[in-house]
S.K.: 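Structure provided below as structure tokens; questions to follow.
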Amino acid sequence: MVLSEMLRKNDDVRQIRPPAVAGSFYPADRTAIKQLINQQLDYGRKLLQQLETALPTGVPKAVIVPHAGYVYSGTAAALAYALLERGRGSVTRAVIVGPTHRVAVRGIACPTATAFATPLGEVPVDVDAERKALGLAADEPLRSGTHARPGAPAPAMIVNDPTHAQEHAVEVQIPFLQTVLGPARLLRRHGRRQYRPQRLHRRFLLESDRHTSGRRARDH
């Protein structure tokens, strides 16, 4: 079953991407995942306290984290997220870029979902920002198979539900973000390495900054 079919079964208007790896990569129980994440974050916070004098101040613009199961790499990820926790209350948008493991894609893929569900609740997706990245009109719906328009800020970006349907690399980041940032919108991407997603997002974030100057929300 592809993601677009699962989305239609969830909601005809709000398309919610259900968790694909809850219960395997991380606990499916709300209480259990909260306890595990907080335990791992506490470890990261203690390490940051020891390194405080050597670290720069402020909120990091980007963090690089692993995407394996929490029992394998959650503690390493928690160190980065403990640092990102400085942005709670000021960071309102998180751009997540991850590799593909199941369905290959030529480009940088986003799904049609308007929200991601985890055991900690739902997180909205900044669909308006994705439309801008794709060069679509403000009222144009995201459809799987759509490619970026000529001259779009993110020319390698496409909409592809199958890439996200069972993919874990982005999904495992969301519960950590929910914990350290609280309410925030997501932009999520999976892509092949040769497309250098960091360049794609640098261009898009600069474009977005120009279009949103004067607004309180900043892109991180």
Side-chain angles (χ1 to χ4, degrees), residues 37 40-41 43-68 73-100 107-111 116 118 120 123-135 148 152-157 164 167-220:
I37 288 177
Q40 293 174 333
L41 283 173
Y43 176 80
R45 292 172 184 131
K46 291 176 182 178
L47 286 180
L48 290 182
Q49 288 177 355
Q50 298 173 20
L51 299 171
E52 185 174 4
T53 57
L55 293 174
T57 60
V59 183
K61 293 289 185 179
V63 293
I64 300 174
V65 294
H67 53 264
S73 64
T75 301
L79 179 59
Y81 283 117
L83 188 61
L84 189 61
E85 197 170 24
R86 296 173 177 177
R88 188 179 184 91
S90 62
V91 176
T92 57
R93 178 189 295 165
V95 180
I96 312 175
V97 183
T100 60
I108 307 297
C110 71
F116 267 53
T118 79
L120 299 181
V123 182
V125 172
D126 194 339
V127 179
D128 289 339
E130 292 186 331
R131 288 194 186 99
K132 290 180 181 178
L134 288 158
M157 188 169 162
H164 283 263
E167 181 56 56
H168 67 272
V170 163
E171 179 182 326
V172 297
Q173 313 306 329
I174 298 175
F176 273 106
L177 289 170
Q178 289 173 289
T179 303
V180 301
L181 295 182
R185 295 172 297 169
L186 296 178
L187 280 87
R188 60 277 184 269
R189 310 282 186 269
H190 284 293
R192 295 170 65 184
R193 292 175 183 171
Q194 60 264 44
Y195 279 88
R196 296 185 181 272
Q198 66 271 26
R199 292 185 180 178
L200 179 154
H201 283 91
R202 187 179 302 120
R203 179 179 176 186
F204 170 58
L205 293 178
L206 290 174
E207 285 283 337
S208 184
D209 282 341
R210 286 198 289 271
H211 287 300
T212 59
S213 59
R215 294 173 55 187
R216 189 174 83 80
R218 297 180 59 193
D219 295 326
H220 290 265

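The residues of the chain are indexed from 1 along the displayed sequence.
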S.K.: Taking side chain to side chain contact (heavy atoms under 4.5 Å, CB included) as the test, write out the residues that go with Ala76, two or more places apart.
M.R.: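 Listed in chain order: Pro66.
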
S.K.: Keeping the roles fixed (side chain from Glu130, backbone from Asp126), state whether a donor-acceptor pair exists under 3.5 Å.
M.R.: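 Between the backbone of Asp126 and the side chain of Glu130 there is no qualifying donor-acceptor contact (under 3.5 Å).
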
S.K.: Does His67 reach the main-chain N or O of Pro99 with its side chain, forming a donor-acceptor pair under 3.5 Å?
M.R.: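 Here the side-chain-to-backbone pair does not exist.
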
S.K.: More than 12 heavy atoms of other residues, nucleotides or ligands under 6.0 Å from CD1 of Ile64: is that the case?
M.R.: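 It does not: Ile64 CD1 has 12 such atoms or fewer within range.
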
S.K.: Could you tell me which residues satisfy side-chain hydrogen bond (donor to acceptor under 3.5 Å, both in side chains) with Arg86, sequence neighbours excluded, listed by chain and number?
M.R.: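 If we apply the side-chain hydrogen bond (donor to acceptor under 3.5 Å, both in side chains) test to Arg86, skipping adjacent residues, there are no hits.
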
S.K.: With the side chain counted from C-beta on, respond yes when Ile96 and Ile174 share a heavy-atom pair under 4.5 Å apart, and no when they do not.
M.R.: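 They are in contact (side-chain heavy atoms under 4.5 Å apart), so the answer is yes.
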
S.K.: Might you point out which heavy atoms bring Pro175 and Leu120 nearest each other, and give the distance in Å?
M.R.: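 In terms of heavy atoms, the two residues are closest at O-CD1, 3.7 Å.
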
S.K.: Could you list the residues that satisfy side chain to side chain contact (heavy atoms under 4.5 Å, CB included) with Val180, not counting sequence neighbours?
M.R.: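 Partners of Val180 by the side chain to side chain contact (heavy atoms under 4.5 Å, CB included) criterion, ordered by chain and then number, come out as Leu41, Tyr81, Glu85.
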
S.K.: Compare every heavy atom of Ala80 with every heavy atom of Val65, then report the nearest pair and how far apart it is.
M.R.: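 Smallest interatomic distance, heavy atoms only, reads CG1-CB, 3.4 Å.
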
S.K.: Which heavy atom of His164 sits nearest to which heavy atom of Pro111, and what is that distance?
M.R.: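 Smallest interatomic distance, heavy atoms only, reads NE2-CD, 3.3 Å.
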
S.K.: Quick one: are Cys110 and Met157 in side-chain contact, heavy atoms under 4.5 Å?
M.R.: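 They are in contact (side-chain heavy atoms under 4.5 Å apart), so the answer is yes.
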
S.K.: Distance check, rounded to the nearest 0.5 Å: Leu48 atom CG versus Leu83 atom CG?
M.R.: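 Going from the CG atom of Leu48 to the CG atom of Leu83 covers 5.5 Å.
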
S.K.: Not counting sequence neighbours, which residues clear side chain to side chain contact (heavy atoms under 4.5 Å, CB included) with Leu47? List them please.
M.R.: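 If we apply the side chain to side chain contact (heavy atoms under 4.5 Å, CB included) test to Leu47, skipping adjacent residues, the hits are Tyr43, Gln50, Leu79.
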
S.K.: Would you please name every residue forming a side-chain hydrogen bond (donor to acceptor under 3.5 Å, both in side chains) with Thr179, sequence neighbours left out?
M.R.: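 Thr179 satisfies side-chain hydrogen bond (donor to acceptor under 3.5 Å, both in side chains) with no residue once adjacent residues are dropped.
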
S.K.: Looking at every heavy atom in both Phe176 and Gly74, which two are closest together, and how far apart are they?
M.R.: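 Looking at all heavy atoms of both residues, the closest pair is CZ-O, 3.7 Å.
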
S.K.: Grab the two heavy atoms, one from Gly135 and one from Ala152, that are nearest each other, plus how far apart they are.
M.R.: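 The answer is N-CB, 3.7 Å.
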
S.K.: Report the residues that fulfil side-chain hydrogen bond (donor to acceptor under 3.5 Å, both in side chains) with Gln178, sequence neighbours left out, ordered by chain and then residue number.
M.R.: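 Once residues adjacent in sequence are excluded, the partners of Gln178 under the side-chain hydrogen bond (donor to acceptor under 3.5 Å, both in side chains) criterion are Thr118.
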
